[in-house]
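Data block below; observations after.
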Amino acid sequence: MFEFIRTHQRLMQIILMLLIVPSFLFVGVSGYKSFGDDANTVAKVAGQSVTQQEWEAAQRARMDRMRQTFGAQFDPKVFDTPETKRIVLEQLIAERALSAEITHEHLTVSDAALQEELMKVESLRKPDGSFDIEQYKLLLQAQGMTADMYDARQRHDLAQQQLTGAIQASAFMPRSVANQLADFNSQEREVQELVFPVADFMAQVKLTDAMVKAFYDKNADKFQIPEQVKVEYVVFNSAAVESQVTVSDAEVASFYTQNQKRFTAAEQRRASHILINAKKDASSADKAAAKAKAEAILAQLRKAPGEFAKVAKAQSQDPASAELGGDLDVIEKGALPKPVEDAIFSLKQGEISDVVASDFGYHIITVTSLKPATIKSLDDVKGEITAELKKQKSSKLYSEQAEMFTNTVYEQSDSLKPVADKLKLKVETVSNLARAPQPALGDTPFNNAKFLKAVFSDDALKNKRNTEAVDVGASTLIAGRVVEFKPATKRPLAEVDAQIRQRVTLDEAAKLAKLAGEAKLTAAKASGDAAGFGEAKVVARSKPGSMGVNAATAVLKADVSKLPAYVGVELGGQGYAVYRIGKVSQPAQVDATARSAFQQQVGNAVAQQEMYGYLEALKHKAKAKVLAHIDVATSDAKSATDAN
């Protein structure tokens, strides 16, 4: 078992990495316009540009997903890092390379497959299972797309899913290997513990002033008070203009008159049909036979029009509507063949048409319900119109005054009072601002990173001029002026002496605990006895017990080719522990469900690694190249996509 682990370290690293790291996430289908290798291009894939705007949009999308996932626990600083930005860019590049391969290989999805996929969307189905055209329109409107644009995106996404699914399905994990890994995962070890707590060695520490001073000098950054400023600021936002906007009744009435169509609900017709198939290229004899059958059905319906649904279910050759008694739902113009549509819009409710010919065959049509066109009254929509006109006016006024705000703080840069007086704003003051946003200050305009960068610029600090008008989002501009500057200082030793003494004492006691523990470890390995160790406990990966993750990991990684085995573990400032492993075994009763889940997890990991390798090959094929500079501290973040 352990020989396998030792001789397959690379595979184990891959598996463990993929068990921990989230699966590859595509950031969505992007456009394919090339804007040239200018400063706005951050990467090139298959001769196409990935722009700065696309990269930033992908980063925002990732942040939004994280915010939805973690809710109140979300901390943007954890994800807004160079490493995270690099990952997002790599995902964009991989997605572009995959899209290029789909295009190059002419991979596509049939109309039937697209229709089937649309019918899987629960929100696009009515309670009776039929397609909800109104919800479909709302979906298109919400995404700012036409039906053709949405269908094209869905086809691309489906082709992408089919391709990646096929690659992942090609991965293979031998059952014997999966079983060995499952055995290794469920293995149990009987362990005894001997702890050397830091508290037991505190009294032995001989602390000197020199040790305190040495710690203070070596860790100067821990005692820094960052530079701070006191700032006057003025905020201009949409609320500043809303109170200035009014809408008259005459304006509302005029808007209503000019937009009558908007407040009119079009006539709605719901129809049913019976279809007798006759293809466009059918022989004359076949067409004549189909028409004769349709005319016979029509004659039957003329005698018993109330039987339309029953007859449709029994004789219509349109499988989609026959089961519904011929129901075609509410009819939208342009959705059906013109002869059929013309007939529907010429009938009265309950009237049955003559036989109507189309490229599909012969139809008998009836209108089952008809809702006349209606128009909402001015009183019904007055509130809606007033709000819209007010929003339009506010937007226009905001644009005008935002320009005035920007120009005034720049042109009269020695004070914020002129812009405050001109736009009836308030000059406020805030103290102790640092270069970086402070979580305690929340999401306020003056705690915005862009504003703080402007405040700490040379022009604002040294020349005491107004900052530029900084756009901090949500239709909000802010400008500031430094009133007072406090340079970075170091807290005096006397002020932090007690804190340092406590820290150094703990560190020295931890060293003594480790020395004692290591001495015991050496002696125990030589003798093999259990003197001083506690009661035996069973530890497994699925149940680490009370010893903690670090200790359990060390115990489960220890070489147990010879028993008893011993391992020493530092307990993170709490002391040192020695563990005696006396027995290694498999559980008496195997949890078949958990074992199967683990094997599935390993299989998924191998499939993801297969997908990763395929994407790397596609990036190389597409000559993917990163052009943006990203300041990532770790060498592992160096791009692997430069495939010149």
Self-check item: S316 side chain to L275 backbone, donor-acceptor under 3.5 Å
Solution: yes

Quiz item: Can you pull the ring-ring contact (aromatic ring centres under 6.0 Å, His included) pairs that have at least one residue in residues 266-292, sequence neighbours excluded?
Solution: H273-H363

Self-check item: Least distance between heavy atoms, I93 atom then A624 atom
Solution: CG2-CB, 3.6 Å

Quiz item: Under 3.5 Å, side chain of K625 to main-chain N/O of V45, donor-acceptor pair present?
Solution: no

Quiz item: Would you say the side chain of Q91 lies within less than 4.5 Å of the side chain of R62, judging by non-hydrogen atoms?
Solution: yes

Quiz item: Has the side chain of Q401 got a donor or acceptor atom that lies under 3.5 Å from a matching backbone atom of Y398?
Solution: no

Quiz item: Below 4.0 angstrom, N of the basic side chain to O of the carboxylate: do K393 and E251 qualify?
Solution: yes

Self-check item: E403 side-chain N/O to S399 backbone N/O, donor-acceptor pair under 3.5 Å
Solution: no

Quiz item: Do the side chains of R86 and T81 get nearer than 4.5 Å, heavy atoms only?
Solution: no

Quiz prompt | Backbone of A240 reached by a side-chain donor or acceptor of N237 within 3.5 Å | solution = yes

Quiz item: Take atom CZ in F360; do more than 12 heavy atoms of anything else shown fall under 6.0 Å from it?
Solution: no

Quiz prompt | Test side-chain contact (heavy atoms from CB on, under 4.5 Å) applied to S283 - qualifying residues, sequence neighbours left out | solution = A285, D286

Quiz item: Which heavy atom of T386 sits nearest a heavy atom of V247, and at what distance?
Solution: O-CG2, 4.0 Å

Quiz item: Side chains of V50 and T41: does their closest heavy-atom pair fall under 4.5 Å?
Solution: no

Self-check item: Validation row: E400, K396 side chains within 4.5 angstrom (heavy atoms)
Solution: yes

Exercise. Locate the shortest heavy-atom distance separating I365 from A343; write the atom from each residue and the value.
Key: CD1-CB, 3.8 Å

Quiz item: Does a side chain donor of either E56 or Q52 reach within less than 3.5 Å of an acceptor in the other side chain?
Solution: yes

Quiz item: With a 4.5 Å heavy-atom cut-off, do K85 and Q59 have their side chains touching?
Solution: yes

Quiz prompt | Pairing of R269 and E341 as salt bridge, 4.0 angstrom limit | solution = no

Quiz item: Is there side-chain contact between L618 and L98, with at least one heavy-atom pair below 4.5 Å?
Solution: yes

Quiz item: With a cut-off of 6.0 Å (strictly less than), are more than 12 heavy atoms of other residues, nucleotides or ligands near CG of N277?
Solution: yes

Self-check item: Between T257 and S254, a side-chain donor and acceptor under 3.5 Å
Solution: no

Quiz item: Are the side chain of R96 and the backbone of S49 linked by a donor-acceptor contact shorter than 3.5 Å?
Solution: yes

Self-check item: Heavy-atom donor-acceptor pair, T368 side chain to R270 backbone, under 3.5 Å
Solution: yes

Quiz item: Would you call K619-E616 a salt bridge at under 4.0 Å N-O?
Solution: yes

Quiz prompt | S395 (side chain) donor-acceptor with K391 (main chain) under 3.5 angstrom | solution = no

Atom pairs and distances, donor-acceptor, side-chain atoms in residues 374-381, under 3.5 Å, two or more places apart:
residue : atom : partner : partner atom : Å
S377    : OG   : D380    : N            : 3.2
S377    : OG   : D380    : OD2          : 3.0

Quiz item: Are S321 and D327 side-chain neighbours, meaning at least one heavy-atom pair lies under 4.5 Å?
Solution: no

Quiz item: Measuring from R155:CZ to I102:CD1, what's the distance to the nearest 0.5 Å?
Solution: 13.5 Å

Practice problem: Would you check if W55 and R60 make a side-chain contact, meaning some heavy-atom pair closer than 4.5 Å? | Solution: no

Quiz prompt | Test item: side-chain donor near acceptor, Q260 and T264, under 3.5 Å | solution = no

Exercise. Of all the heavy-atom pairs spanning Y362 and A278, show the shortest one and how long it is.
Key: CE1-CB, 3.9 Å

Self-check item: For R262, all residues meeting side-chain contact (heavy atoms from CB on, under 4.5 Å), sequence neighbours excluded
Solution: F255, N259, E384, E388

Quiz prompt | Contacts of type side-chain contact (heavy atoms from CB on, under 4.5 Å), residue D359, not counting sequence neighbours | solution = K280

Quiz item: Which atom pair, heavy atoms only, marks the closest approach of P445 to T476?
Solution: CG-CG2, 4.4 Å

Can you give the donor-acceptor pairs under 3.5 Å from side chains of residues 292-315 to other protein atoms, not counting sequence neighbours?
residue : atom : partner : partner atom : Å
R302    : NH1  : I352    : O            : 3.0
R302    : NH2  : S353    : O            : 3.4
R302    : NH2  : D354    : OD1          : 2.8

Self-check item: Smallest separation among heavy atoms of E267 and F345, with atom names
Solution: OE1-CD2, 4.0 Å

